[in-house]
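Every number for a ligand or one of its atoms is a count from 1 in the order of the listing.
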Amino acid sequence: MALRGSKTGDGHANVELGEQKVRRGQGGETHQVAGGDVPVMTSQQGAPISDDQNSLKAGPRGPTLMEDHLLREKIFHFDHERIPERVVHARGFGAHGFFETYEALSDITSADIFQRAGEKTEAFVRFSTVAGNKGSVDLARDVRGFAVKLYTREGNWDIVGNNIPIFFIQDAIKFPDLIHAAKEAPDRGFPQAQTAHDNFWDFISLMPESFNMVLWIMSDRTIPRSFRFMEGFGVHTFRLVNADGKSTFVKFHWKPKLGLQSVVWNEAVKINGADPDFHRRDLWTSIAMGDYPEWEMGVQLFDDDFADRFAFDVLDATKIIPEEEVPVRIVGRLVLDRNVDNFFAETEQVAFHTGNVPPGIDFTNDPLLQGRNFSYLDTQLKRLGSPNFTHLPINAPRCPFHHFQQDGHMAFHNPKGRANYEPNSWGGAAGGPREAPETGFRSYPESLSGEKRRLRAESFADHYSQARQFYISQTKGEQEHIASAFTFELSKVETPAIRARVVSHLLNVDADLAKTVATGLRLKEMPAAADAAQPTRTDLAASPALSIVGNGPKSFKGRKLGVLVSDGVSGDLVEGLKAAAKDEGALVEIVAPMIGGVKADDGTLIEGDQKVDGGPSVLYDAVAVLLSPEGATMLGKSPAAKDFVTDAFAHCKFIAYNAAAMALFEKAGVAADMDDGFVRLEAAADADGFIETARQLRFWPREAKLQ
Ligand code: HDE
């Protein structure tokens, strides 16, 4: 069998295939090549293909023949490769892993996953941004989706959450408006993947209920350093129901083992240019390296009494329950330990649905959750094209499943035998599956009454108190970031009246914040405070759990150090730094003038991971600049090398350096004795001290001086 397609002189060939033989085996024809057997290429129907380089023609320069069934099949399939992207959360990245139950919760829920301590359950997680299209950038200022599918022994359980514990709106009927306003304007098709535009702020400023969420999205929560360093939340109040039918309210949390960390806005903007895939690359790489990201599952459990006592309605998805009021009990862990084999088959085709709950877990009347339960099946049908999307391996339960649903596009698992309905009298196995009245899913029998009306409960009317509570729970630096984010976003709003309207709401949150933003925008005059359905409560105590900086990890584990080097650098120093980082569980990348690397003073070659203009310091958590005097002079002429230093400085990163590096610093307008964020390395032994210092992640005191 000829493999080479060079018969007509097109020059194409599978170069690795030199000497080979074809043989027939169980898996079809294979070629024996140096590296083992590779399968013979076939059509979709399994027919072996002799020439995949040339279409069928009448003469070498003649027209292509309509008869070419192989060309037709190949192009036909290609033309149909795309499916609709998700209407929200289009850009995402997923990975496989497992959930491990720490302790049995059988007194609280009959959910099988919580019955046996130490049990592991297969899991798939998809992280996402909300507003951007599938090809948009990772560091958009946006909420991150945190959707977890747990393949439990009693059916799939999807916790379709976000990295922020609340939402913009209280009622599902407003969701299409919210998303329309956030996504690109319909007339011009932009701006993409950002909320810094008129439509978003126009809508938001007419929806006071969104203001708690607005404070969260203007915080650094929406520019996480990586998926690995962010929390996840189920958002709504759910129910856990035990075998006796007793219900306990629950809110779900995911706490990252590596602690919380975000980037700063100027850094996010630059990362988007330097590496639009920053977050997906980070997750992929850490899993590929065996550095498995991990989160602990926490539950906030409470009863009707607490719900009645609590200052807000537990059915209102725009409110948190502070951890200080209801502690988060840790009940298990989620580990991501396997990258996908195929992005489309797994990450793109995975179908989450809030309605996927096993027995023992149930819903509440949160009107947003109720709307979601209605929505997700529609979206799966639209995207995946068939009600049989559950037959796809990524969506299929891992436990046995039996029902009488049948047919439809792409049906893989139709019921066997004659019975495809019930009740039936065929008896025994021939009769097919039967209900399980005792153990099957039973909705919690909450008693309900009320007039059928389009109403919003009075208990949902306080829109600002928790926004204020969130704001006062932040460190001073974090508060400044919030003010800058508002100022930035509103500066992109072209209509001055909308800018002022947003500030009118901020007056109900915090007068200083409103003033800072108004000043930053140069508003002509301070607007009056927006009308509030209920006055802002000032008696809610700060919740320390809400600060990112306050809950930092104090470790450089899982972080990335970028080392800018030149020819003549001390090989010892670089090795010392690499060893210290490795001991901490951190990653090092060498940034060199050329990708081929540099020659160290001892003659060894240090290979480059990035060329200097491809490895800007925004890609790293801390940097080191280790140069020879000649190297420093040479890099002093490179804008990319100077940006490496000025950006690391401006983004409050810890900077290790050797004496020679100071010549580059000078060219970059940065003095190494400026603050304690600089650490001088004289010898390899100093490296440990630097990594220890870098555990603080950022040298925040510098920020105040930069203003
Ligand atoms: Fe979603 N949401 N959503 N959502 N959502 C979707 O389902 C919807 C809401 C969330 O990685 C869609 O498969 C409505 C809140 C995540 O595949 C769609 C409402 C929260 C993901 C949909 C909400 C979320 C989605 C689009 C208001 C946080 C990505 C594609 C009632 C708790 C899942 C899809 C993934 C996806 C509808 C509100 C989280 C259209 C109607 C609140 C993480 O069905």
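The shortest contact between atom 8 (C) of ligand 1 and any protein heavy atom is with F175 CE2, 3.3 Å. Given atom 43 (C) of ligand 1, the protein heavy atom at minimum distance is G161 O, 3.1 Å. Regarding atom 30 (C) of ligand 1, its nearest protein heavy-atom neighbour is R86 CG, 3.4 Å. The protein non-hydrogen atom at the shortest distance from atom 10 (C) of ligand 1 is H89 NE2, 3.3 Å. Protein heavy atom in closest approach to atom 28 (C) of ligand 1: N162 ND2, 3.1 Å.
Counting backbone and side-chain atoms alike, S375 contributes no N/O/S atom closer than 2.8 Å to atom 1 (Fe) of ligand 1.
Short contacts between ligand 1 and V235, defined as distances under 4.0 Å to a heavy atom of the residue, involve ligand atoms 32 (C). Close approach of ligand 1 to V87 is summarised as follows: ligand atoms under 4.0 Å from at least one heavy atom of the residue are 40 (C).
The side chain of T379, and not its backbone, has at least one atom closer than 4.0 Å to an atom of ligand 1 (non-hydrogen atoms only; side chain from C-beta on).
When the heavy-atom distances from atom 39 (C) of ligand 1 to H353, R126, R372, K382 are ranked, the shortest goes to R372. Here the shortest heavy-atom distance to atom 6 (C) of ligand 1, taken over F374, F352, Y376, belongs to Y376.
An N or O contact shorter than 3.5 Å is missing between R383 and ligand 1 by distance.
Side chains of N272 and D138: a donor-acceptor N/O pair is absent below 3.5 angstrom, by distance only. Inspection of the D282 and S226 side chains reveals an N or O donor paired with an N or O acceptor under 3.5 Å. Using modelled atom types and a 3.5 Å distance limit, the side chains of E489 and H197 yield no donor-acceptor pair. Judged purely by distance below 3.5 Å, without hydrogens or angles, the side chains of Q194 and R141 never pair a donor atom with an acceptor atom. Using modelled atom types and a 3.5 Å distance limit, the side chains of Q349 and N395 yield no donor-acceptor pair.
Here the two rings, on F233 and F146, have centers that are 6.0 Å apart or farther.
Salt-bridge check for R456 with D313: failed, with every basic side-chain N at 4.0 Å or more from each acidic carboxylate O. A salt bridge between R333 and E100 is present, with a side-chain N of the basic residue lying under 4.0 Å from a carboxylate O of the acidic one.
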